[in-house]
*Asks:* 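One structure is given below, represented as structure tokens, and several questions about it will come after.
In what follows, residues are counted from 1 in the order of the sequence shown.
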Amino acid sequence: MLETVDLGLLTIKVIVGFAALFFIILVSGKTSINQLSPYHLVFVLVLGDFLGSTLYDNQVSTFHFLYAIGLWTALMLGIVFLTQKVKAARSLLDGNPSIIIRDGVLDRTMLKKNKLDVNEITSLLRQKNVFSVREVKYGILEANGQISLLLQSPHENPTKQDLNIPESPVDLPTAIIIDGEIIWDNLQDLGFDQKWLSKELKAHGYNDEKAIFFADWKKSEGIHISPK
């Protein structure tokens, strides 16, 4: 079969398919990657099968290939639009969260409605580091199949406010060196320059950035270095 494949057409299809999939990810939003709803899952599965079956078919031109991908994407985006604008469609296509645990007791009716058994629930709980249903005040099954938990008061992690610990500043680290290369944009955004960086590196025993695999800067903690 491979001997009859038009390599030029195959190359074009792969490039076009790659560009189309990248575009689809951009227009469908980041949440579709992280939280697959039922229609997102169907979209990805069918699209993958479609791409795989048409790449080696010389009878399918690049135009028809791109048209089919575009049409399939338009249908998916239409569903996304409906779920955003029409409440009834949102409930039908995305589903609604379900409270499956109340005060440490499993709601058998809701479990049956969502086609879940006790073993699946205990597995979901263990993935949240909860090993007994008695620890849960409320357990909510989200539309994407994940479970959100509000623990009983004795099992909640104490906060700094609970322990009367003074608040400390919260800031994000910024990467400034990756694989021996300085990330100049990040360095400039922090308000630093080459002279400052050289001084910091020498203070930690490094002559230059080439010996550093990764380094980031955090205002409250300074520079952190991982050598090569």
Side-chain angles (χ1 to χ4, degrees), residues 11 14-37 40-41 43-44 47-48 51 73 76-77 80 84 97 123-131 135-140 142-228:
T11 301
V14 170
I15 294 173
V16 170
F18 179 83
L21 287 174
F22 186 76
F23 173 75
I24 289 168
I25 291 173
L26 291 179
V27 299
S28 61
K30 295 179 180 179
T31 56
S32 65
I33 303 172
N34 208 17
Q35 300 177 347
L36 285 178
S37 60
H40 275 119
L41 181 60
F43 172 79
V44 171
L47 183 60
L51 291 175
T73 303
M76 192 275 291
L77 292 178
V80 171
Q84 291 176 344
S123 175
L124 289 172
L125 292 178
R126 287 194 297 271
Q127 292 174 42
K128 295 285 187 177
N129 293 321
V130 175
F131 293 88
E135 300 176 17
V136 181
K137 178 69 174 177
Y138 290 106
I140 302 173
E142 304 293 352
N144 63 356
Q146 299 294 318
I147 189 169
S148 300
L149 302 176
L150 177 63
L151 298 181
Q152 303 275 14
S153 181
H155 300 286
E156 288 185 323
N157 293 324
T159 64
K160 287 188 174 183
Q161 186 176 15
D162 295 330
L163 300 175
N164 294 320
I165 298 176
E167 292 186 15
S168 55
V170 177
D171 49 9
L172 289 173
T174 302
I176 54 177
I177 298 175
I178 297 177
D179 200 16
E181 298 289 336
I182 299 173
I183 312 301
W184 292 107
D185 290 343
N186 290 352
L187 194 66
Q188 292 172 1
D189 288 342
L190 292 170
F192 300 138
D193 54 19
Q194 173 74 57
K195 183 177 179 181
W196 171 88
L197 182 58
S198 297
K199 182 180 178 181
E200 286 289 325
L201 296 182
K202 287 179 180 178
H204 287 78
Y206 297 92
N207 293 323
D208 56 42
E209 68 277 2
K210 301 300 181 184
I212 298 174
F213 178 63
F214 179 79
D216 62 15
W217 168 264
K218 194 173 182 180
K219 185 176 180 182
S220 58
E221 299 178 17
I223 193 170
H224 178 76
I225 297 174
S226 297
K228 286 186 177 180

*Asks:* Using 0.5 Å steps for rounding, measure from the CG atom of Asp193 to the OG atom of Ser198.
*Replies:* 8.5 Å
*Asks:* As an exercise, state the distance from NE2 of His204 to CD1 of Ile223, rounded to the nearest 0.5 Å.
*Replies:* 6.0 Å
*Asks:* Could you give the distance from CG (Leu149) to CD (Gln127), rounded to the nearest 0.5 Å?
*Replies:* 11.0 Å
*Asks:* Ignoring hydrogens and angles, tell me if any N or O in the side chain of Lys228 forms a donor-acceptor pair with the backbone of Lys210 under 3.5 Å.
*Replies:* yes
*Asks:* Over all heavy atoms of both residues, which pair between Glu142 and Ser148 is shortest? Give the atoms and the distance, please.
*Replies:* OE2-OG, 2.7 Å
*Asks:* Is a side-chain donor or acceptor of Asp171 paired with a backbone partner of Lys219 at a separation under 3.5 angstrom?
*Replies:* yes
*Asks:* Kindly indicate whether the side chain of Phe214, heavy atoms from C-beta on, has any atom under 4.5 Å from the side chain of Ile177.
*Replies:* no
*Asks:* Roughly how far apart are Ile225 CD1 and Trp217 CH2, rounded to 0.5 Å?
*Replies:* 11.0 Å
*Asks:* Could you pull out the closest heavy-atom pair between Pro173 and Asp216, with the gap in Å?
*Replies:* CB-OD2, 3.6 Å
*Asks:* Below 4.5 Å, heavy atoms only, C-beta onward: do Gln146 and Leu124 meet side chain to side chain?
*Replies:* no
*Asks:* What distance separates Glu209 CD from Asp179 CG, expressed to the nearest 0.5 Å?
*Replies:* 11.5 Å
*Asks:* Could you pull out the closest heavy-atom pair between Leu201 and Asp208, with the gap in Å?
*Replies:* CD1-C, 3.8 Å
*Asks:* Please check if atom NZ in Lys202 has more than 12 non-hydrogen atoms from other residues, nucleotides or ligands closer than 6.0 Å.
*Replies:* no
*Asks:* Would you check if Val136 and Val130 make a side-chain contact, meaning some heavy-atom pair closer than 4.5 Å?
*Replies:* yes
*Asks:* Do the side chain of Asn186 and the main chain of Thr174 share a donor and acceptor less than 3.5 angstrom apart?
*Replies:* no
*Asks:* Identify the heavy atoms of Phe213 and Pro227 that sit nearest to each other, and give their distance.
*Replies:* CB-O, 3.7 Å
*Asks:* Roughly how far apart are Ile212 CD1 and Ile176 CD1, rounded to 0.5 Å?
*Replies:* 8.0 Å
